[in-house]
Amino acid sequence: MGKRGAMSIFWQLFRGYWNSEHKWKARGLLAFVIGLNFFGVYLLVRLNSWYNEFYNALQQYQVESFWPLVGEFTGLAMLYIVIAVYAIYLRQAVQIKWRTWLTDKYLSRWLKGQVYYRLQVQNSDTDNPDQRISEDINQFVNLSLQLLIGFLKQLTTLAAFGVVLWNLSGAFTWEIGGQEIVIYGYMFWFSLCYSGIGTVCAHLVGRKLIGLNFEQQRFEADFRFNMMRVRENSESIAFYGGENAENKGFHERFAKVISNFWQLMKQTKILNFYVNGYAQLAVIVPLILAAPQYFAGAIALGGLMQTVSAFGRVQDALSYFVESYDSIAQLAAVVKRLATFTEHMDTAENVQNGIIQQVNDAAEMSVEDLQVQLPDSRVLLADCTLTLPMGSRLLVTGSSGCGKSTLLRTLAGIWPYGKGKLFLQEGSRLLFLPQKPYLPLGSLRRALYYPGTAAGSDDLLRAALVKVGLEKFVTRLDEVDDWSRILSLGEQQRLAFARVLLQKPDWVFLDEATSALDEPREAEVYELLKKELPEMGVVSVGHRSTLYAQHEQELKLAGDGSWQVRAI
């Protein structure tokens with residue numbers, strides 16, 4: 001759990017929603033749910049009194065009281081059913097609202113400032129953030145509400161039935177050495193001691209479940225993620241014929257799932273032995289304790305049954321943590337996962353962008369004292385100062401691993417291991433095209449406008465598709481499908497150039513964005529950019545010699561910090 005205690009971490013996660021902009025509605029609905037549970041306890045107290053009257057009527061053969069008491073039970077039971085159903089229904093409504101709010105907060109934090117990217121770059125041990133946002137938040141909300149409302153209900157039950165049990169159990173006289181010791185409310189005190197010892201033993205027996213539940217969630221998520229990777233890269237795997245290798249990977253990850261689950265089963269089995277034995281013993285104990293009074297004629301059958309019922313309610317209330325230990329263990333594991341996720345997002349958010357953007361009055365882009373490093377502090381580029389007028393074209397070259405793509409990441413502000421200044425004319429718009437374009441799920445129209453959401457006229461979209469050689473798709477703009485599967489990599493790269501034509505940025509950065517195109521098509525799209533957007537600056541990363549003809553300057557990186565600029 002780190003330096004902070006478990007309860008402190010839980011409170012940090014718990015309190016946000018209840019102090020949010022929705023706090024009054026949330027608190028009001030929660031209070032109503034708790035009120036329904038309290039009313040349910042009141043009905044249970046009424047039913048407990050009914051036991052006394054009903055069994056006394058049976059013992060005394062009072063047929064005239066039998067049917068009225070059956071009618072009273074029916075009314076109380078029906079009302080209790082309605083209250084119980086709506087208490088669960090409205091608790092689930094609170095769960096939906098709380099989960100929606102918490103999910104929105106985590107998604108916003110995860111996406112803001114490229115935190116999702118920085119978590120990978122910084123090599124944090126945050127595995128499967130998708131699972132933490134979807135499953136862990138749901139479990140945290142569900143278990144928190146379930147345990148909180150259950151605790152308050154059992155606390156009320158303890159208060160109500162504790163008084164009933166105290167009054168019913170009377171006094172127990174114990175003679176030791178000729179001296180009488182009188183214990184008032186002895187059944188209540190016995191129940192209290194029994195439950196206290198039981199709770200401590202349950203913790204000793206079940207505490208290993210917390211770590212096992214944590215690991216189980218992680219192994220399950222890793223197994224699912226591996227299958228998702230196969231689905232996303234199915235074509236590459238099929239070309240390699242990598243089914244056996246993938247199958248081996250599946251079995252290795254699934255073996256961890258099963259191995260941990262066996263340990264979870266064994267520990268749960270031990271806890272269940274204890275919990276069930278504890279519960280069954282609690283059934284016979286009140287009868288044994290109340291039997292002397294019954295056989296002595298101090299209480300009637302109705303009093304005996306009422307005492308047994310009250311003892312059972314008190315016992316259930318006091319045994320709440322014993323019965324709920326498995327849920328508490330699951331909640332502790334979920335809190336731990338969300339806490340580490342939150343801490344890693346905090347770390348990612350606090351990392352300052354090394355590149356500082358400033359406004360330049362001139363119609364140009366320039367970098368000053370730019371330095372690019374790797375996470376291990378190895379310098380790829382040092383003290384780079386460069387000025388590019390609007391409309392200029394720069395080709396970044398160098399051997400593989402020298403830092404060409406990392407330079408673009410630094411200029412984009414997503415690489416935290418760089419520093420320097422980037423000067424741009426006020427209002428300049430930048431667009432970065434990676435080697436493999438990202439196509440969101442949805443329509444082709446949405447893919448064309450990504451990352452924007454504007455819906456331009458069909459004529460503009462069709463014209464852009466025709467210009468990049470994708471005219472066969474002009475009639476499928478509103479067709480919803482997985483376009484990254486339908487389009488080849490070359491077609492995806494041409495679609496990315498259609499985005500450039502539609503968005504008309506002031507500067508476009510191409511990270512081997514034509515690697516899947518043949519050389520004539522590559523020259524064609526570069527000429528298209530020059531014709532359609534002559535004032536737009538272009539910075540390209542690439543290895544092909546044919547790219548020299550499309551650029552005016554070359555920035556050659558050596559990979560050891562040194563660099564050289566020359567005119568082409």
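Keep in mind that the numbers below use all heavy atoms, side chains included, and drop hydrogens, waters and symmetry copies. Quantities reported herein were computed from a predicted structural model and do not represent experimental measurements.
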| request: Please identify each residue that fulfils side-chain hydrogen bond (donor to acceptor under 3.5 Å, both in side chains) with Asp506, with sequence neighbours left out. | output: none
| query | With sequence neighbours excluded, what pairs up with Arg109 under the side-chain hydrogen bond (donor to acceptor under 3.5 Å, both in side chains) test? | reply | Asp346, Glu349
| Pairwise side chain to side chain donor-acceptor pair (under 3.5 Å) hits with a residue in residues 462-474, at least two apart | Lys467-Glu532, Lys472-Glu491
| query | Which pairs with one or both residues in residues 365-381 pass side chain to side chain donor-acceptor pair (under 3.5 Å), sequence neighbours excluded? | reply | none
| request: Would you please name every residue forming a ring pair (Phe, Tyr, Trp, His ring centres under 6.0 Å) with Phe140, sequence neighbours left out? | output: Phe10, Trp98
| query | So which pairs with a foot in residues 242-266 pass ring-ring contact (aromatic ring centres under 6.0 Å, His included), sequence neighbours left out? | reply | Phe223-Phe254
| query | By side-chain hydrogen bond (donor to acceptor under 3.5 Å, both in side chains), which residues pair with Thr397, not counting sequence neighbours? | reply | Glu554
| query | Quick one: ring pair (Phe, Tyr, Trp, His ring centres under 6.0 Å) partners of Tyr438, sequence neighbours excluded? | reply | Tyr450
| query | How would you list, by chain and number, every residue that makes a ring pair (Phe, Tyr, Trp, His ring centres under 6.0 Å) with Tyr106, sequence neighbours excluded? | reply | Phe341
| field | Pairing residues for Tyr526 by the ring pair (Phe, Tyr, Trp, His ring centres under 6.0 Å) criterion, not counting sequence neighbours | value | His551
| said: Holding to salt bridge (Lys or Arg N to Asp or Glu O under 4.0 Å), I want the full list of residues that pass it with Arg521, two or more places apart in sequence or in another chain. | reply: Glu524
| request: For Gln263, check side-chain hydrogen bond (donor to acceptor under 3.5 Å, both in side chains) against everything at least two apart and list the hits. | output: none
